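Have a look at the structure below before the remarks.
When a residue number appears, it is its place in the shown sequence, counting from 1. For clarity, every value in this text was computed on a predicted model and none was experimentally measured. Indexing begins at 1, ligand by ligand and atom by atom, following the structure's order.
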Amino acid sequence: MKKIMLIFGTRPEAIKMCPLVLELKTRKNMKTRLLVTGQHREMLWQVLDAFSLVPDYNLDIMQDKQSLFDVGIRILTKIKPILEAEKPDLILVHGDTSTSFYAGLAAFYCGIPVGHVEAGLRTYNPYSPYPEEFNRQAIGSFAEFHFAPTDEAKSNLLQEKKNPDRIFVTGNTVIDALKTTVKKEYHHPLLEGDMPRILVTMHRRENIGKPMENAFRAVLKLMDRIDQLQIIYPIHKNPVVREIAQRIFKNHPRIHLIEPLDVLNFHNFMARVDLILTDSGGIQEEAPSLGKPVLVLRDTTERPEGIAAGTLKLVGTDEKNVYEESLHLLTDKDAYETMSKAVNPYGDGFACKRIADLLEKYF
Ligand code: UD1
Ligand code: UDP
């Protein structure tokens with residue numbers, strides 16, 4: 001019986017790894033262990049609860065306004081004795097967070113093979129997204145197995161001379177999650193009535209400060225321009241982001257600043273609003289399969305498939321640009337329709353099964 005330890009700590013990793021935990025738990029010849037670092041707290045538990053999962057270990061490292069140093073030091077210190085005691089045959093980490101990098105590094109130091117889920121995404125700009133681009137490249141350098149979501153991600157890994165026998169295109173596990181969350185029948189008071197609606201999220205480290213303020217001002221300007229426009233903005237728990245959002249949006253009656261939605265509600269909101277403005281990575285993968293136009297509040301993306309598919313457009317954070325691009329989409333029916341075609345560049349919703357099959361075969 002082989003032991004696999006899945007490790008994650010933030011909301012986006014949890015959304016993409018919980019379906020994999022559940023899939024691996026159905027396999028008789030593998031024992032799973034779930035370790036969460038607790039890099040996030042409320043936002044992590046929202047996801048664990050939605051998937052009814054209870055971790056075997058919680059490092060509970062989160063601190064208010066934590067720095068990259070705080071997160072790294074606390075993970076490395078707390079994870080070592082657990083890895084030494086549990087001795088998993090393999091650990092699985094996801095994507096590009098501090099949790100994934102430091103947990104992967106700790107396993108590497110302990111001589112435990114690392115499988116990287118959502119491997120091969122690249123901008124090749126270490127400052128965008130920062131520090132995630134570094135994290136994912138670093139994990140790629142010590143990972144034994146690379147589970148790439150798309151052919152494009154695979155070709156990045158091949159170019160970097162990773163072992164081709166250890167790169168597998170599986171699709172993105174976020175599509176597996178979406179299959180279970182989006183409902184035909186769904187109601188919420190904020191979605192009542194036939195008004196135009198924009199769903200906003202913004203939290204990236206490199207956007208905090210001026211870029212975020214500019215994007216928010218563009219939204220304010222839109223409110224003056226379009227009668228009845230409603231903004232739904234579930235604000236990230238990051239206190240710095242909250243302060244900026246509250247300062248700029250104040251108590252605008254049509255801007256709904258709400259707590260982070262749990263994933264079931266959020267996916268159903270995504271499926272029902274008119275437009276999404278975000279700097280999130282995961283949302284860029286979910287939106288194409290829901291046929292929802294997304295204006296990406298960043299200058300780079302490691303998700304070129306959604307751009308190629310036509311659902312995503314990079315608009316950066318310049319106030320004028322964000323305003324004009326949003327206005328264009330909300331007022332030009334043809335432009336809107338062109339961006340609202342549902343396509344599926346990120347897989348068919350069977351990524352977890354593929355990863356589990358591959359691991360079974362390997363063991
Ligand atoms: C991290 C990831 C980023 C991911 C984002 C998802 C890294 C380097 N970055 O961002 O890739 O997109 O998470 O949201 O790992 N907080 C709470 N409660 C929570 C969660 C966060 O209070 O449930 C607060 C904490 O005070 C924390 C702050 O939010 O200081 C930021 O969280 P952190 O995980 O440090 O965020 P990022 O590194 O910006
Ligand atoms: N999400 C959520 N509730 C919210 C906002 C986002 O469940 O209020 C989900 C969203 O569907 C996506 C993930 O969280 O799956 C994205 O997380 P985040 O934007 O925090 O991180 P990123 O994807 O940028 O790393």
Would Lys154 pass as a cation-pi partner of Phe147, given that its NZ or CZ must be under 6.0 Å from the six-membered ring centre and within 45 degrees of the axis? no
Does [X] approach ligand 1 within less than 4.0 angstrom via side chain, backbone, both or neither, non-hydrogen atoms only?
{"X": "Ser280", "answer": "neither"}
{"X": "Gln63", "answer": "backbone"}
{"X": "Pro129", "answer": "neither"}
{"X": "Arg205", "answer": "side chain"}
{"X": "Gln66", "answer": "both"}

So which protein heavy atom does [atom] come closest to, and at what separation?
{"atom": "atom 21 (O) of ligand 2", "answer": "Pro12 CG, 3.3 Å"}
{"atom": "atom 29 (O) of ligand 1", "answer": "Asn238 CA, 3.2 Å"}
{"atom": "atom 1 (N) of ligand 2", "answer": "Phe266 CD2, 3.5 Å"}
{"atom": "atom 18 (N) of ligand 1", "answer": "Glu42 OE1, 2.7 Å"}
{"atom": "atom 1 (C) of ligand 1", "answer": "Gln39 NE2, 3.8 Å"}
{"atom": "atom 21 (C) of ligand 1", "answer": "His40 CD2, 3.7 Å"}
{"atom": "atom 3 (C) of ligand 1", "answer": "Glu132 OE2, 3.1 Å"}
{"atom": "atom 19 (O) of ligand 2", "answer": "Ser280 OG, 3.0 Å"}

Less than 4.5 Å apart, any side-chain heavy atom of [X] and any of [Y]?
{"X": "Lys25", "Y": "Val21", "answer": "yes"}
{"X": "Ile75", "Y": "Thr99", "answer": "yes"}
{"X": "Ile91", "Y": "Leu6", "answer": "no"}
{"X": "Lys2", "Y": "Lys31", "answer": "no"}
{"X": "Asp348", "Y": "Arg354", "answer": "yes"}
{"X": "Leu20", "Y": "Leu92", "answer": "yes"}

Aromatic ring centroids of His146 and Phe168 under 6.0 Å? no
For ligand 1, which atoms sit closer than 4.0 Å to a heavy atom of [X]?
{"X": "Asp64", "value": "26 (O)"}
{"X": "Arg41", "value": "19 (C), 23 (O)"}
{"X": "Pro12", "value": "6 (C)"}
{"X": "Ser98", "value": "7 (C), 8 (C), 15 (O)"}

With respect to [X], which candidate in [options] satisfies the side chain to side chain contact (heavy atoms under 4.5 Å, CB included) definition?
{"X": "Thr173", "options": "Cys352, Cys18, Pro149", "value": "Cys352"}
{"X": "Val315", "options": "Leu277, Val294, Val296, Leu297", "value": "Leu297"}
{"X": "Asp332", "options": "Leu329, Leu330, Asp334", "value": "Asp334"}

Give the atoms of ligand 2, by number and element, whose distance to some non-hydrogen atom of [X] is under 4.0 Å.
{"X": "Gly281", "answer": "22 (P), 23 (O), 24 (O)"}
{"X": "Gly282", "answer": "22 (P), 23 (O)"}
{"X": "Val263", "answer": "7 (O)"}
{"X": "Leu261", "answer": "2 (C), 3 (N), 4 (C), 7 (O), 8 (O)"}
{"X": "Pro234", "answer": "8 (O)"}
{"X": "Glu286", "answer": "10 (C), 11 (O), 12 (C), 15 (O)"}

Can you check whether His267 has an N/O within less than 3.5 Å of an N/O in ligand 2? yes
Check: Thr201 N/O within less than 3.5 Å of ligand 2 N/O: no
Describe, in one word, how the ring planes of His236 and His203 are oriented to each other, choosing from parallel (under 30°), tilted (30 to 60°) and perpendicular (over 60°). parallel
Plane angle bin for Phe249 and Tyr233 - parallel if under 30°, tilted between 30 and 60°, otherwise perpendicular: perpendicular
Would one find an N or O of [X], backbone or side chain, under 3.5 Å from an N or O of ligand 1?
{"X": "Thr97", "value": "no"}
{"X": "Met43", "value": "yes"}
{"X": "Asn135", "value": "no"}
{"X": "Arg11", "value": "no"}

Thr123 side chain to Ser128 side chain, donor-acceptor N/O pair below 3.5 angstrom: no
For Arg242 and Asn238, which I'm curious about, is there any donor-acceptor pair between the side chains at under 3.5 Å? no
Backbone, side chain, both or neither: what part of Arg204 comes under 4.0 angstrom of ligand 2, heavy atoms only? side chain
Residue portion contacting ligand 2 (non-hydrogen atoms closer than 4.0 Å) for His203: side chain
Qualifying residue, where the test is salt bridge (Lys or Arg N to Asp or Glu O under 4.0 Å) with Arg122 and the options are Glu302, Glu160, Glu132, Glu152: Glu160
Partners meeting salt bridge (charged side-chain N to carboxylate O under 4.0 Å, His left out) with Lys320 (sequence neighbours left out): Glu324
Is a side-chain donor or acceptor of Asp262 paired with a backbone partner of Gln46 at a separation under 3.5 angstrom? no
